[in-house]
Protein chains: 4
Amino acid sequence: EHPFTLIVGPCQIESRAHAREMAAAISEICTASGTGWIYKSSFDKANRTSLRAQRGIGMKEGLDILAGIREEFGCPVLTDVHGPEQCAPAAEAVDVLQIPAFLCRQTDLLLAAGETGRAINVKKGQFLAPWDMANVAAKIASTGNERVMLCERGTSFGYNTLVNDMRGLPIMAATGYPVVFDATHSVQQPGGLGGASGGQREFVAPLARAAVAIGVAAVFIETHEDPDRAPSDGPTMLPVSQLGSLLRQLKALDTLVKTDAG
Amino acid sequence: EHPFTLIVGPCQIESRAHAREMAAAISEICTASGTGWIYKSSFDKANRTSLRAQRGIGMKEGLDILAGIREEFGCPVLTDVHGPEQCAPAAEAVDVLQIPAFLCRQTDLLLAAGETGRAINVKKGQFLAPWDMANVAAKIASTGNERVMLCERGTSFGYNTLVNDMRGLPIMAATGYPVVFDATHSVQQPGGLGGASGGQREFVAPLARAAVAIGVAAVFIETHEDPDRAPSDGPTMLPVSQLGSLLRQLKALDTLVKTDAG
Amino acid sequence: EHPFTLIVGPCQIESRAHAREMAAAISEICTASGTGWIYKSSFDKANRTSLRAQRGIGMKEGLDILAGIREEFGCPVLTDVHGPEQCAPAAEAVDVLQIPAFLCRQTDLLLAAGETGRAINVKKGQFLAPWDMANVAAKIASTGNERVMLCERGTSFGYNTLVNDMRGLPIMAATGYPVVFDATHSVQQPGGLGGASGGQREFVAPLARAAVAIGVAAVFIETHEDPDRAPSDGPTMLPVSQLGSLLRQLKALDTLVKTDAG
Amino acid sequence: EHPFTLIVGPCQIESRAHAREMAAAISEICTASGTGWIYKSSFDKANRTSLRAQRGIGMKEGLDILAGIREEFGCPVLTDVHGPEQCAPAAEAVDVLQIPAFLCRQTDLLLAAGETGRAINVKKGQFLAPWDMANVAAKIASTGNERVMLCERGTSFGYNTLVNDMRGLPIMAATGYPVVFDATHSVQQPGGLGGASGGQREFVAPLARAAVAIGVAAVFIETHEDPDRAPSDGPTMLPVSQLGSLLRQLKALDTLVKTDAG
C-alpha cells in the first residue's frame with residue numbers, strides 16, 4: 001500500500017497571485033514531510049446556498065491559473081466540473097477532474113468526464129450509501145477510463161448536518177478504487193447559517209486522523225491563509241499555519257497502519 | 001384556498017401513442033372528479049442508478065409529444081430539465097419546468113429556468129431542510145419570475161431510504177409559494193435494488209392522504225397502465241386503474257380541510 | 001372501523017384540583033363532538049433531560065387522583081409506569097398502562113404490565129423501526145394479554161430532532177393491534193433547549209390531521225390551560241382552548257376516511 | 001494522557017467455567033501488550049429484541065462469578081444494571097457499574113448507581129446527541145460521585161442501523177469525563193435479523209482504530225472463543241483469536257497519538 005496523497009488548496013481560485021502564494025506554502029509543507037500532493041482549487045462555485053454568494057473567477061482564467069501552478073510547482077492539479085461541456089477544456093489544463101457530490105448521479109457528466117481519460121475524483125452524494133458508489137464508478141468505467149477515485153465527504157444526518165460513517169471507507173475500498181477522505185466538507189453544516197453553510201473546523205484534524213487510521217489512499221483538505229476572510233467555505237478550511245503539524249501526525253499514522261497491515 | 005391540482009402522468013415518455021393513451025385515461029378520471037390536472041412526463045432520465053437503465057426518448061421528440069398532448073387535451077404540461085441549455089427549448093413546449101431534486105442547488109439551472117418566465121416546480125433535495133428551500137426559491141425569483149412551486153419528495157433517512165417530514169409542508173408554505181406533495185418519489189427506496197431504485201407503491205395512497213389533510217396546492221402522482229413493466233420508477237408508480245378511487249378520496253379530504261380552514 | 005378515541009390530559013398530575021379542572025374542561029369538549037376519551041396524566045417524570053426538572057406528585061397520591069377522576073367523570077384513565085414493581089399498583093387505579101418509549105424493549109416491564117391484564121399502550125422507541133414493534137407486542141402477548149396498543153411518537157432524525165415516518169402507522173397496524181398517534185411528543189425536540197426538551201406546538205394540528213387521514217385507532221394529545229407555565233412538556237402541549245376546534249376537524253377527517261375505506 | 005484501558009469480555013456470563021476461560025485468555029493477551037483491562041460480562045440481558053432470546057444466568061450467581069474473576073485474575077470487573085435496586089448489590093461485587101444505552105435517561109437508576117460510589121460507565125443512548133450526555137453525567141455527579149465514563153456505541157441512523165459520529169468523542173471529552181468507545185455495539189444492526197439484532201463484525205477493527213486515532217480513555221470490545229455460537233451478540237463479538245493482533249495495532253496508534261498530542 002502506498003502512502004496517502006494530499007489533495008490540498010484553497011476552496012476557490014481567488015487570483016493568480018493568491019493561487020501561487022498558496023501553492024508555494026503548501027509545497028514547502030508537503031516537501032518537509034515527504035507527502036505527495038495535488039493542488040485543488042475551483043474556478044466556479046456552482047451550487048452556493050445563496051445567490052448572493054461569490055461564484056468564482058470563471059473557467060477560462062481559472063484553468064489558465066491552474067495550468068500555471070502545475071508548470072511552476074511540478075504538481076498535479078485538480079478542479080471540479082459542473083456540466084458535460086466543461087470536461088474537455090478542463091481536462092486540457094488539469095490532471096484530475098472532480099465530480100461534485102450533488103452531481104454524482106448525473107450520467108452525462110460522468111461519461112463526459114470519463115471520456116477525457118483524466119483521473120476522476122467523484123464525491124459520494126450526501127444522499128447515497130457507500131455501496132451505491134459502485135454504480136457511479138461503473139458509469140465512468142464504461143468509457144474505458146478506470147482512473148476513478150471515490151471520495152467520502154459526509155452523509156445527510158437530519159437537517160443541516162452531515163455525519164461520516166467511517167464504515168463507508170472500507171466499503172468503498174472494496175470496489176477496488178482508491179478512496180479519498182475529504183476532511184473539509186465533512187465538517188460542513190449545509191445551510192446551517194441560513195444563507196450560507198456553516199462548519200466545524202475543529203473537527204478536521206480528529207476526523208482526518210480517524211480516516212487515516214482506517215486506511216485511505218488520499219486525504220482532501222482545503223486550506224487558506226485566513227479562512228475567516230475566504231470567499232467560500234471559510235468555516236471549514238484549515239489555516240495553512242496548522243497544515244504542517246496535522247500532516248506530520250497523519251503521515252505517522254499512515255505509516256503505522258500501512259506497515260502493520262502489510 | 002384553491003382545490004389541489006394533480007400533476008400526473010407516466011414517469012417517462014415512452015412513445016407518442018403511449019403518451020396519448022395515458023393522457024386520455026387521466027383526462028377521463030380527472031374530469032369525473034372535477035380535478036384540474038397537469039400532464040407530467042420526462043424526455044430523459046439523466047441520473048438513473050445504473051448506466052444500463054433506459055434513458056428516454058430524447059428532448060426533441062419528447063417536447064414535440066408533450067406539445068401535442070397539450071394541444072389535444074387542453075391541459076398544461078410539465079417536464080424536467082437537467083441543464084441550463086434545455087430550459088429555453090423546453091419552455092417553448094411546456095407550461096411548467098421541473099428542477100430535479102439532486103439539481104435543486106445548481107444556480108445556473110435555476111436562473112435559466114427562471115428566465116423562461118414559465119412556472120417552475122423545484123423538488124426539495126433529499127439533502128436539504130425544508131427551510132433551505134427559501135434560498136432555492138430566491139435564486140429563481142431573482143430573475144423576476146415568481147411562479148415557483150416547492151415540492152416535497154422525501155429526505156434522506158439512513159441509507160437507501162427516504163422519509164417525508166410532514167412538517168416540511170407548512171414550513172415550505174410559509175415562504176408564500178405553493179407547495180406540491182410528490183407521493184411517487186417519496187416512496188422510492190434509492191438504490192434499494194442494487195442496480196435500481198426500489199419503491200413501496202402501497203404507501204402512495206396513505207401519504208397522499210396525509211399531505212392533503214395538512215393542506216397542499218398540488219399532488220404529484222406518476223401513473224402507468226402496467227407499472228411493473230414500465231421502463232423506470234415501476235415500483236413507485238400507481239396503476240392507472242387505482243387513480244380514480246384515490247382521487248375521489250383526496251378531493252373529499254381537500255374540500256373538508258380547505259373549507260374548515262376557511 | 002371505529003371512530004378514533006382521544007387520549008388526553010395534562011402531562012403531569014399537578015394537584016387533585018388541577019386534574020379535576022382539566023378533566024372537566026376535556027369532558028365538555030369531548031362530549032360536544034361525541035368523542036370517546038381516556039384521561040392521561042403522569043405521576044412521575046422518570047427520565048427528564050435534567051435532574052433539576054420537576055419529577056411529579058408521586059405514585060401513591062397520583063394513582064389516587066386518577067382513580068378519583070375515573071369515578072367522577074366516568075372515563076377510563078391512563079398513566080405511565082417505569083418499573084415492573086409499579087405495574088400491579090397502577091393497574092388497580094387505571095384502565096390503561098403506558099410504556100414509555102425509552103423503556104419499550106425492557107422485557108421485565110413489558111411482562112409485568114402484561115400480567116396485570118390491563119390494556120397497554122406502548123410507545124415506539126425513537127430508536128426502533130415500526131416493524132420492530134411486533135417483537136415488543138409479542139413480549140406483552142406472551143402473558144396472555146392481547147390488549148396492546150402501539151403508539152407512534154417520532155423517530156430519531158439527526159440530533160435533537162424527531163421525525164414521524166407516517167408509513168409507520170400502516171406498518172404497525174399490520175400487526176393487528178390498534179395504532180395510536182401521539183401528536184404531542186412527536187413535536188418534541190429532545191434536549192433541544194440544553195437542559196430541557198423543546199417543542200413545536202404549531203405542528204400538533206397538522207400532524208394529527210395527517211395521522212387521522214391515514215387512519216388511526218386513537219390520537220394522543222396533551223393539553224393544559226397554560227402550557228407555557230406547565231411543569232413539563234410545555235412547548236409541546238396544546239392550550240385547552242384550542243382543543244375543541246382541532247377535535248372537530250379530526251372527527252370530520254376520521255369519519256370521512258373510515259366511511260370511505262368501508 | 002494515559003494509555004487506553006480495554007473493557008473486554010464475553011457479552012453474557014455463560015457459566016463460571018466459561019467466564020474463567022475467557023478471563024484467562026484475555027489476561028494473557030493483555031499482559032503481552034501491556035494493556036490494562038477491565039473484565040466485562042452481563043448477568044442479565046434485560047432488553048433482548050425477542051422474548052425467546054436467552055436472558056442470562058441471573059444476578060446472584062452472575063455477581064458471584066464476577067467477584068471470583070476479580071479475585072483470581074486481579075482485574076477490575078464491570079457489569080450492567082437495569083434497575084435502581086440492582087445497584088447496591090452489584091456494587092459489592094464489581095468495580096464499575098454500566099448503564100445501558102436505552103436507560104441512560106432514567107433518573108432513579110443514575111442516582112442509585114452514583115450513590116454506590118463505584119465508577120459508572122454510561123452508554124450514550126442511540127437517541128441522544130453527544131452534548132446531551134453532559135446532563136446525564138450531571139445526574140450521577142449530583143450524588144457526589146464524579147467517577148463517570150461516557151461511552152459512544154452508535155446513534156440511530158434510519159432504521160435498523162447505527163452510525164458512529166466520531167465528532168462525538170471530542171464533544172463528550174469536553175465534559176472532562178473519560179470517553180469510552182464501544183466497538184462492539186457500534187456495529188450492531190438493531191433488530192436487523194427480525195427477531196434478533198444483526199451485526200458487522202468486520203468493522204470492529206477499523207472503527208476501533210479510528211476512535212483510538214482520535215483519542216479515547218478506553219476501548220470496549222466484547223469477545224468470545226466462538227461468537228457464532230454465543231447466546232447473544234454473536235454477530236458483533238470479536239473471536240478471541242483475533243484480539244491480540246487488534247490490540248497490538250490499537251496500542252501502537254494510542255501511543256503515537258498521545259505522544260504527539262503531548
Side-chain angles (χ1 to χ4, degrees), chain B residues 127 129-131 152 154-158 161-174 179 181 183 186-189 199-216 219 236 244-262, chain C residues 127 129-131 152 154-158 161-174 179 181 183 186-189 199-216 219 236 244-262:
Chain B
F127 45 83
W131 45 83
E152 160 67 14
T155 301
S156 289
F157 180 65
T161 309
L162 299 172
V163 70
N164 288 308
D165 180 357
M166 292 292 179
R167 293 171 300 188
L169 301 177
I171 290 170
M172 292 199 291
V179 169
F181 180 73
S186 290
V187 303
Q188 204 176 42
Q189 297 175 303
Q200 301 175 304
R201 191 186 298 148
E202 66 273 26
F203 296 125
V204 169
L207 292 176
R209 289 203 305 269
V212 168
I214 288 177
V216 290
V219 176
T236 58
S245 62
L246 175 57
L247 197 49
R248 274 191 301 279
Q249 201 176 30
L250 297 182
K251 284 292 288 184
L253 286 168
D254 187 60
T255 302
L256 182 97
V257 170
K258 288 180 181 166
T259 305
D260 196 64
Chain C
F127 44 85
W131 45 83
E152 160 67 14
T155 301
S156 290
F157 180 65
T161 308
L162 299 172
V163 69
N164 288 308
D165 181 357
M166 292 292 179
R167 292 171 301 189
L169 302 177
I171 290 170
M172 291 198 292
V179 170
F181 181 73
S186 290
V187 303
Q188 204 175 42
Q189 297 175 303
Q200 303 175 304
R201 192 187 298 148
E202 67 272 28
F203 296 126
V204 168
L207 292 176
R209 289 203 304 270
V212 168
I214 288 177
V216 290
V219 176
T236 58
S245 63
L246 176 57
L247 197 50
R248 276 192 300 279
Q249 199 176 33
L250 297 182
K251 284 293 288 183
L253 285 168
D254 188 60
T255 303
L256 186 116
V257 169
K258 287 179 180 165
T259 307
D260 197 64

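All figures in this text were calculated on a predicted structure; none of them were measured in a lab. In what follows, every chain begins at residue 1, and chains take the letters A, B, ... in the order their sequences are listed. Quick note: numbers below take in every heavy atom, side chains included, and nothing from hydrogens, waters or symmetry partners.
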Rounded to the nearest 0.5 Å, what separation is found between the CZ atom of R167(B) and the CG atom of L207(C)?
7.0 Å

Please classify the contact between Q200(B) and chain C as side chain, backbone, both or neither, with a heavy-atom cut-off of under 4.5 Å.
side chain

Would you compute the distance between atom CG of L256(C) and atom CZ of R209(B) and round it to the nearest 0.5 angstrom?
10.0 Å

Residue part contacting chain B, namely of L250(C), when any heavy atom lies under 4.5 Å
neither

Under 4.5 Å from a heavy atom of chain C, the part of T161(B) involved
side chain

Against chain B, work out which of D165(C), V212(C), N164(C) has the most heavy-atom pairs shorter than 4.5 Å and name it.
D165(C)

If you take all heavy atoms of P170(C) and F203(B), which pair is closest and at what distance?
CG-CE2, 3.8 Å

Based on non-hydrogen pairs under 4.5 Å, which of A208(B), A252(B), A211(B) is most in contact with chain C?
A252(B)

